[in-house]
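First up is the structure itself, then whatever we jot down about it.
Any value given below was found using the heavy atoms of this structure, including those in side chains, with hydrogens, waters and symmetry copies removed.
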Amino acid sequence: MNNNILKSADLKQTKKRNLILSVLEAAPTALTVEEIAEIASKEMKMNLSTIYRALNALADKNVVIKTLYQDGKTYFEINNHKHRHSLICSMCNKKVNLDVCPLEPIEENLAQKTGYTITGHNLEIYGICPECMKHMPPEDNDN
């Protein structure tokens, strides 16, 4: 599959790019460069700079999605060209993908009013997960 992805993006096929794509494809959520490096190191040693260059090339060709989270870290995930909605814990960065799209009626309304063809959107909602709430002092845990 990676062969087709790289070929259709007009990118050179390399073992390192293939490995990075395999790591991202197997991941249930978006990963940081450090997380990708840790997982990939089990198969091949790569410098962080190599991973950054490869990911930026893949992001430039829309093969991967590059997102800056509230924690200041950049996360990467395979761009499967399906929109997803996420609930992200602002403390531990746990990410839960939502099964429903609350924006479809808004999209339809916007398309109707503006004449735009809506091609996609992103929705990230931040909160504190139940596990992190357990570790908060009681006075901060009034939610």
Side-chain angles (χ1 to χ4, degrees), residues 1-41 43-44 46-137 139-143:
M1 177 158 172
N2 295 341
N3 298 346
N4 295 338
I5 291 173
L6 292 171
K7 193 173 190 174
S8 67
D10 201 26
L11 288 169
K12 185 179 175 187
Q13 175 109 9
T14 68
K15 289 179 184 178
K16 291 176 181 179
R17 282 184 181 157
N18 281 332
L19 179 55
I20 290 167
L21 287 173
S22 294
V23 167
L24 290 173
E25 286 174 339
T29 62
L31 301 172
T32 65
V33 170
E34 292 78 10
E35 291 168 329
I36 294 166
E38 184 180 331
I39 296 166
S41 71
E43 289 188 41
M44 182 188 308
M46 283 190 270
N47 291 326
L48 287 179
S49 60
T50 301
I51 297 171
Y52 273 109
R53 277 194 306 276
L55 286 168
N56 284 323
L58 293 166
D60 288 345
K61 297 288 189 170
N62 292 317
V63 174
V64 299
I65 299 168
K66 179 179 177 179
T67 308
L68 180 65
Y69 280 22
Q70 276 188 330
D71 65 357
K73 295 179 184 175
T74 302
Y75 289 77
F76 296 87
E77 62 187 316
I78 291 288
N79 184 359
N80 59 12
H81 301 284
K82 295 178 186 173
H83 69 272
R84 281 192 276 186
H85 306 293
S86 305
L87 181 57
I88 302 169
C89 179
S90 56
M91 295 186 73
C92 69
N93 292 311
K94 178 181 176 184
K95 182 177 177 182
V96 176
N97 291 324
L98 306 176
D99 293 332
V100 295
C101 178
L103 298 179
E104 285 177 357
I106 295 169
E107 252 186 20
E108 291 170 10
N109 188 18
L110 283 170
Q112 216 171 34
K113 286 184 177 179
T114 64
Y116 274 66
T117 298
I118 307 295
T119 59
H121 62 265
N122 292 325
L123 176 64
E124 294 178 342
I125 301 170
Y126 292 88
I128 301 172
C129 73
E131 194 60 36
C132 288
M133 289 293 289
K134 290 178 191 174
H135 302 292
M136 292 181 70
E139 64 272 1
D140 293 342
N141 202 351
D142 292 336
N143 295 339

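For the salt bridge (Lys or Arg N to Asp or Glu O under 4.0 Å) condition, no pair includes a residue of residues 53-68, sequence neighbours left out. Listed by first and then second residue, the salt bridge (Lys or Arg N to Asp or Glu O under 4.0 Å) pairs involving residues 86-97 are E77-K95 (not counting sequence neighbours).
Taking 4.5 Å as the limit, every side-chain heavy atom of L24 sits out of range of all side-chain heavy atoms of L58. Side-chain contact check for M91 versus M136: some heavy-atom pair is nearer than 4.5 Å.
Here S86 contributes atom OG and L98 contributes atom CG; the two are 6.5 Å apart, rounded to the nearest 0.5 Å. Once rounded to the nearest 0.5 Å, the distance linking OH of Y75 with CG of L31 reads 9.0 Å. To the nearest 0.5 angstrom, I88 atom CD1 is 9.5 Å from T29 atom OG1. Here the CG-CD distance, from L48 to E34, works out to 6.0 Å after rounding to the nearest 0.5 Å. A distance of 10.0 Å separates CD of E131 from SG of C89, quoted to the nearest 0.5 Å. For the atom pair CD1 of I78 and CG of L21, the computed distance is 5.0 Å after rounding to the nearest 0.5 Å.
For L103, the side chain to side chain contact (heavy atoms under 4.5 Å, CB included) test picks out H85, C101, I106, H121, L123, with sequence neighbours left out. Partners of D99 by side chain to side chain contact (heavy atoms under 4.5 Å, CB included), not counting sequence neighbours: none found. With sequence neighbours left out, E35 forms a salt bridge (charged side-chain N to carboxylate O under 4.0 Å, His left out) with no residue at all. Considering only residues two or more places apart in sequence or on other chains, Y52 meets the side-chain hydrogen bond (donor to acceptor under 3.5 Å, both in side chains) condition with none of them.
Listed here is the closest heavy atom pair of K12 and R17: O-NH1, 2.8 Å. Of all non-hydrogen atoms in I128 and M133, the two that sit nearest each other are CG2-SD, 3.6 Å. A111 and I118 get closest at one heavy-atom pair: CB-CG1, 4.0 Å. Taking all atoms of both residues into account, the shortest heavy-atom contact from I20 to A54 is CD1-CB, 3.6 Å. Residues Y69 and Y126 come closest through the heavy atom pair CA-OH, 4.0 Å.
Residue E38 qualifies as open at atom CD: its count of foreign heavy atoms under 6.0 Å is 12 or below.
Remark: side-chain polar atoms of N47 are not paired, donor with acceptor, to backbone N or O of S49 under 3.5 angstrom. With hydrogens and angles disregarded, no donor-acceptor distance shorter than 3.5 Å links the side chain of T74 to the backbone of T67.
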